[in-house]
Amino acid sequence: MSFIKAAAALVAGVLLPGVAAARPADCLVQIEGRTLINGECNFEAEPNGDFTVTLGSRVAQVMIDPGSRLGRASYQDPASGDPPGVADVRRDGACWGEARAIRVCAWQPGQRPAAFRNLLAAQAAAPAPAAASTGAAPGMSVVSTRQVGPWTLSRLEGGGSWRCEVERRYPDGSALAFLAAKPSPGNQNIADTGLRFSGAALLGLRGEIRVVPWGLGPDSSQTAIADGNATATMMDPPNEPGSSDGFANGREFEVSLPGGERLRYPLNGSNAAWRALSQCAGF
């Protein structure tokens with residue numbers, strides 16, 4: 001699903017939909033306790049209340065369940081290489097969610113409540129190190145890398161976080177990576193796992209999209225976050241078995257995109273790659 005381009009209005013200092021134009025706002029975006037946006041941003045909303053806040057390459061979106069105070073928030077920053085985040089959220093005033101998972105707030109400039117002032121400044125994104133085959137998250141750097149058949153295994157560390165991933169690049173320019181990262185709050189699994197895939201068919205897609213992985217039916221669709229630059233990331237839902245077995249034992253990874261176009265990635269050598277990833281992540 002594309003990020004929304006729509007309207008904004010103002011009620012008691014809280015930005016709400018209504019006027020068909022984007023406008024500046026005072027925004028706060030926090031992910032797992034880290035502050036990513038804190039100050040002026042661009043605010044765009046739809047009449048149904050869904051909205052997007054943007055600052056440079058940093059984009060946060062809230063999609064609201066009609067007639068409720070519940071919704072779903074997502075965040076991405078393609079320039080940093082940080083894996084996208086998605087979480088269910090509840091409204092609290094001008095804010096949706098909580099800082100330990102995902103919190104997205106938007107106020108009229110000058111109307112931020114005192115409780116949200118004097119927060120830590122937004123953290124700068126660290127450039128991806130040259131040695132990394134994939135981008136490093138802010139404050140992280142590659143500490144080891146090696147080949148496992150046609151796959152490249154990398155471990156990244158920094159700021160109390162870590163990520164291991166195996167990636168394979170194909171002759172047509174596409175790529176597939178399976179990643180394992182430090183568990184997010186509330187996730188009882190050993191690690192958060194997911195798939196990052198790229199291909200020409202993804203070019204221009206941005207924000208949440210519904211994809212069907214592994215050739216399953218429409219009832220098995222999952223949310224992926226597309227970065228607009230021909231790459232998307234699909235994190236396995238917390239506390240579910242996920243795609244580990246399919247990656248380790250499958251012959252190919254297949255994903256159906258919106259509109260029904262299918263991407264296919266051969267998985268030969270993935271069993272050895274999965275064993276190496278498991279060792280790297282401490283499974």
Heavy-atom donor-acceptor pair, Ser278 side chain to Trp274 backbone, under 3.5 Å | yes
Please examine the side chains of Leu28 and Ile37, heavy atoms only from C-beta on, and report whether any two atoms are closer than 4.5 Å.
-> no
Ignoring hydrogens and angles, state whether a donor on the side chain of Asn42 or Thr54 is under 3.5 Å from an acceptor on the partner side chain.
-> no
Side-chain donor-acceptor distances from residues 247-255 under 3.5 Å, at least two apart:
| residue | atom | partner | partner atom | Å |
| --- | --- | --- | --- | --- |
| Asn249 | OD1 | Asn271 | ND2 | 3.3 |
| Asn249 | ND2 | Asp245 | O | 3.3 |
| Glu252 | OE2 | Arg264 | NE | 3.4 |
| Glu254 | OE1 | Arg264 | NE | 3.3 |

Give a yes or no on whether the backbone of Leu70 and the side-chain of Arg91 come within a donor-acceptor separation of less than 3.5 Å.
-> no
Considering only heavy atoms from C-beta outward, does the side chain of Phe43 approach that of Trp107 to under 4.5 Å?
-> no
Listed by chain and number, what are the salt bridge (charged side-chain N to carboxylate O under 4.0 Å, His left out) partners of Asp88, not counting sequence neighbours?
-> Arg72
Please test Glu98 against Arg90 for salt bridge (Lys or Arg N to Asp or Glu O under 4.0 Å), starting from the C-alpha separation and ending with a verdict.
-> CA-CA 8 Å; Glu98 54 187 24; Arg90 177 184 294 272; over 6 Å; no
Side-chain donor-acceptor pair under 3.5 Å between Thr152 and Gln147, yes or no?
-> yes
Quick one: do Val59 and Thr52 satisfy side chain to side chain contact (heavy atoms under 4.5 Å, CB included)? Show the steps, please.
-> CA-CA 7 Å; Val59 180; Thr52 302; 3.7 Å; yes
Side-chain donor-acceptor contact under 3.5 Å, Arg210 with Thr223 = yes
Over 12 foreign heavy atoms within 6.0 Å of CG, Asp92 | no
Taking the side chain from Tyr75 and the backbone from Val104, do they hold a donor-acceptor pair closer than 3.5 Å?
-> no
Looking only at heavy atoms, what is the nearest atom pair of Ala273 and Val166, with distance?
-> O-CG1, 3.7 Å
Under 3.5 Å donor-acceptor, Gln222 side chain and Met234 backbone | no
Rounded to the nearest 0.5 Å, how far apart are CZ of Arg34 and CD1 of Ile31?
-> 8.0 Å
May I ask you to test the Gln76-Arg206 pair for a side-chain heavy-atom distance under 4.5 Å?
-> yes
Here the gap from Leu156 atom CG to Leu179 atom CG, rounded to the nearest 0.5 Å, amounts to 10.0 Å
Would you please name every residue forming a side-chain hydrogen bond (donor to acceptor under 3.5 Å, both in side chains) with Asn118, sequence neighbours left out?
-> none
Provide the closest heavy-atom pair for Phe197 versus Ala224 in the form atom of the first, atom of the second, distance.
-> CZ-CB, 4.4 Å
Between CD of Gln61 and CZ of Phe51, what distance do you get to the nearest 0.5 Å?
-> 9.5 Å
Quick one: does Leu263's side chain get under 4.5 Å of Leu257's, heavy atoms only?
-> yes
Does Ser256 reach the main-chain N or O of Glu261 with its side chain, forming a donor-acceptor pair under 3.5 Å?
-> no
Side chain to side chain contact (heavy atoms under 4.5 Å, CB included) between Ser220 and Trp214, worked out | CA-CA 9 Å; Ser220 300; Trp214 304 107; over 6 Å; no
Qualifying residues under salt bridge (charged side-chain N to carboxylate O under 4.0 Å, His left out), relative to Arg155, sequence neighbours excluded | Glu157
Report yes if some heavy atom in the side chain of Arg168 is under 4.5 Å from a heavy atom in the side chain of Asn268; otherwise report no.
-> yes
Flag, side chain of Tyr170 to backbone of Leu176, donor-acceptor distance under 3.5 Å = no
Could you pull out the closest heavy-atom pair between Ile225 and Ser74, with the gap in Å?
-> CD1-CB, 4.0 Å
Would you tell me whether Ser174 and Asp172 have side-chain atoms, one donor and one acceptor, within less than 3.5 Å of each other?
-> yes
Gamma sulfurs of Cys164 and Cys280 within less than 2.5 Å = yes
Is it possible for you to say whether Ile209 and Leu216 belong to one hydrophobic cluster, with membership spreading through side-chain heavy-atom contacts below 4.5 Å?
-> yes
Could you list all the salt bridge (Lys or Arg N to Asp or Glu O under 4.0 Å) pairs where at least one residue sits in residues 110-121, not counting sequence neighbours?
-> Asp26-Arg112
Mind checking whether Phe178 and Trp151 have ring centres under 6.0 Å apart?
-> no
Walk me through it: do Cys27 and Cys105 pass the test disulfide (SG to SG under 2.5 Å)?
-> CA-CA 5 Å; Cys27 299; Cys105 310; over 6 Å; no
Can you see which heavy atom on Ile102 is nearest to which on Ala87, and at what distance?
-> CD1-N, 3.8 Å
Residue pairs, two or more places apart or on separate chains, that pass salt bridge (Lys or Arg N to Asp or Glu O under 4.0 Å) and touch residues 220-229 | none
Would you say Gln279 and Leu277 make side-chain contact, with heavy atoms under 4.5 Å?
-> no
Val29 side chain reached by Thr35 side chain, heavy atoms, under 4.5 Å | no
Thinking salt bridges, do Glu44 and Arg23 make one under a 4.0 Å N-O criterion?
-> no
